[in-house]
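Structure record follows, encoded as structure tokens.
Just so you know, residue 1 is the first one in the sequence shown, and it goes up from there.
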Amino acid sequence: MRLSEKERKAIEAKLEKRREKLNKNFKWTPENTQKIIDLNNALYGLYRAAYDEIVRLDGEYKKRFAAGDNNYKNYTLELEMWYVAPDGLSEEEEDLWNDLEEHTIFWGPSFIVRGENGTSEIKPFEEQMLIDDKSWNEYPFNTRALDGIYIHYFMHDIFNHNNTYSLEDAVKMKPEDFFWQIKVCHEHWG
């Protein structure tokens with residue numbers, strides 16, 4: 001069932017209000033802090049694996065084009081990442097997670113590589129993922145509990161920019177419930 005714009009905005013407002021309330025009441029216990037750090041590190045590894053696969057595919061496509069296969073002249077590789085709530089949730093929890101998943105706008109900085117005429121350009125991983133000397137321990141990660149911990153941009157992006165997931169959600173998330181895929185499009189022009 002497709003929601004009207006008014007219904008969609010009402011759900012998004014409800015989810016944002018929920019996020020703000022949960023973040024305000026979040027307890028930075030040593031256990032919760034470690035779960036946040038572990039998720040941050042796991043997501044880094046997940047993004048790194050996806051990036052490495054895009055680099056591998058891009059290199060393979062360039063080789064095939066150089067060998068004369070015009071099917072690899074023009075292509076697009078697009079990373080998508082998402083989270084799937086685990087099994088075993090109550091009906092109420094399942095409804096909430098379905099709303100969260102459906103209304104999530106960002107899942108970290110995804111990226112697209114376009115190959116045109118057998119050439120493409122891929123930014124280094126650190127540049128693509130905004131890894132530099134600046135930790136992204138801004139809202140909601142601006143706490144002394146994370147002093148000295150490098151929060152990656154994609155962690156910040158997921159829990160800040162999408163206005164749905166809270167810190168409370170983050171400590172419940174398991175890395176094995178995150179998935180990525182690369183959408184491949186071969187473009188053939190006359």
Side-chain angles (χ1 to χ4, degrees), residues 1-51 78-112 128-131 134-183:
M1 182 175 104
R2 191 174 182 119
L3 297 174
S4 71
E5 182 68 16
K6 184 178 179 180
E7 291 168 321
R8 186 182 61 75
K9 286 192 179 286
I11 290 173
E12 288 174 358
K14 177 182 165 188
L15 293 174
E16 185 172 358
K17 185 176 180 181
R18 171 193 173 271
R19 178 188 76 138
E20 293 300 319
K21 179 181 176 187
L22 289 173
N23 282 351
K24 182 180 178 186
N25 296 324
F26 186 75
K27 303 292 185 227
W28 285 98
T29 65
E31 180 183 17
N32 283 345
T33 301
Q34 191 58 53
K35 286 179 180 181
I36 297 287
I37 293 168
D38 291 346
L39 184 62
N40 181 60
N41 294 339
L43 288 176
Y44 173 89
L46 201 61
Y47 269 92
R48 184 69 211 208
Y51 175 88
E78 180 179 1
L79 169 68
E80 291 183 343
M81 184 172 281
W82 67 95
Y83 176 80
V84 176
D87 293 331
L89 299 174
S90 69
E91 189 175 325
E92 182 180 333
E93 289 172 319
E94 195 169 305
D95 287 346
L96 171 66
W97 282 101
N98 287 337
D99 282 345
L100 288 168
E101 290 170 10
E102 186 175 333
H103 295 281
T104 297
I105 298 167
F106 298 104
W107 266 112
S110 63
F111 53 95
I112 298 173
Q128 179 66 45
M129 294 299 151
L130 299 176
I131 298 171
K134 179 190 183 303
S135 176
W136 289 91
N137 60 347
E138 300 170 359
Y139 179 84
F141 303 110
N142 53 339
T143 177
R144 285 197 172 132
L146 293 175
D147 282 353
I149 302 298
Y150 189 98
I151 298 297
H152 296 284
Y153 178 76
F154 42 82
M155 183 78 165
H156 163 81
D157 194 30
I158 292 167
F159 293 97
N160 183 325
H161 295 174
N162 71 26
N163 295 325
T164 52
Y165 291 98
S166 70
L167 293 168
E168 196 66 43
D169 299 325
V171 298
K172 294 176 184 174
M173 291 175 165
K174 294 185 173 85
E176 59 268 20
D177 294 325
F178 283 85
F179 300 91
W180 58 267
Q181 70 181 6
I182 297 171
K183 289 171 42 176

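- A salt bridge does not link Glu20 to Lys24: none of the charged nitrogens lies less than 4.0 Å from a carboxylate oxygen.
- For Trp180 and Phe178, the ring centers are positioned 6.0 Å apart or more.
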> Checking side chain to side chain contact (heavy atoms under 4.5 Å, CB included) for the pair Leu167/Ile36: CA distance, chi angles, key distance, verdict?
Replying inline: CA-CA 8 Å; Leu167 293 168; Ile36 297 287; 4.1 Å; yes

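- Atom OH of Tyr44 sits about 7.5 Å away from atom CZ of Phe154, to the nearest 0.5 Å.
- When all heavy atoms of Ser166 and Leu22 are compared, the pair lying nearest together is OG-CD1, 3.5 Å.
- Sequence neighbours left out, the pairs with a member in residues 158-180 that pass salt bridge (charged side-chain N to carboxylate O under 4.0 Å, His left out) are Arg18-Asp169.
- Annotation: Glu5, atom CD; neighbour count of heavy atoms from other residues, nucleotides and ligands within 6.0 Å is above 12.
- Ring geometry for Tyr153 versus His161: interplanar angle over 60°, hence perpendicular rather than tilted (30 to 60°).
- Note that the OG1 atom of Thr33 and the CZ atom of Arg144 stand 13.5 Å from one another [nearest 0.5 Å].
- Considering every non-hydrogen atom in both Arg19 and Thr164, the closest pair reads CB-O, 3.5 Å.
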> Where do Tyr47 and His152 land on the side chain to side chain contact (heavy atoms under 4.5 Å, CB included) test, with the steps shown first?
Replying inline: CA-CA 11 Å; Tyr47 269 92; His152 296 284; over 6 Å; no

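- Rounding to the nearest 0.5 Å gives a distance of 7.0 Å between CG of Asn40 and CZ of Phe141.
- Using cut-offs of 30° and 60° for the angle between ring planes, the Phe26 and Trp28 rings count as perpendicular.
- Smallest separation of non-hydrogen atoms from Pro140 and Asn160: CD-CB, 4.2 Å.
- With values rounded to the nearest 0.5 angstrom, Ile149 atom CD1 is found 11.5 Å from Met155 atom CE.
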>> Show, in sequence, the C-alpha distance, side-chain angles and deciding distance for Leu146 and Ile37, and conclude whether the side chain to side chain contact (heavy atoms under 4.5 Å, CB included) test is met.
In response: CA-CA 8 Å; Leu146 293 175; Ile37 293 168; 3.9 Å; yes

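- Screening residues 33-42 for salt bridge (charged side-chain N to carboxylate O under 4.0 Å, His left out) gives Glu31-Lys35 as the qualifying pairs, with residues at least two apart or on separate chains.
- The distance from the CD1 atom of Ile182 to the CD1 atom of Ile112 is 12.0 Å, given to the nearest 0.5 Å.
- A donor-acceptor pair under 3.5 Å is absent between the side-chain atoms of Ser135 and the main chain of Gly148, judged by distance alone.
- Glu138 pairs by the salt bridge (charged side-chain N to carboxylate O under 4.0 Å, His left out) definition with Lys134, not counting sequence neighbours.
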> What's the verdict on side chain to side chain contact (heavy atoms under 4.5 Å, CB included) for Leu39 and Phe159, showing C-alpha distance, side-chain angles and the deciding distance?
Replying inline: CA-CA 12 Å; Leu39 184 62; Phe159 293 97; 3.9 Å; yes

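- Counting heavy atoms from C-beta on, the side chains of Leu79 and Tyr51 never come closer than 4.5 Å.
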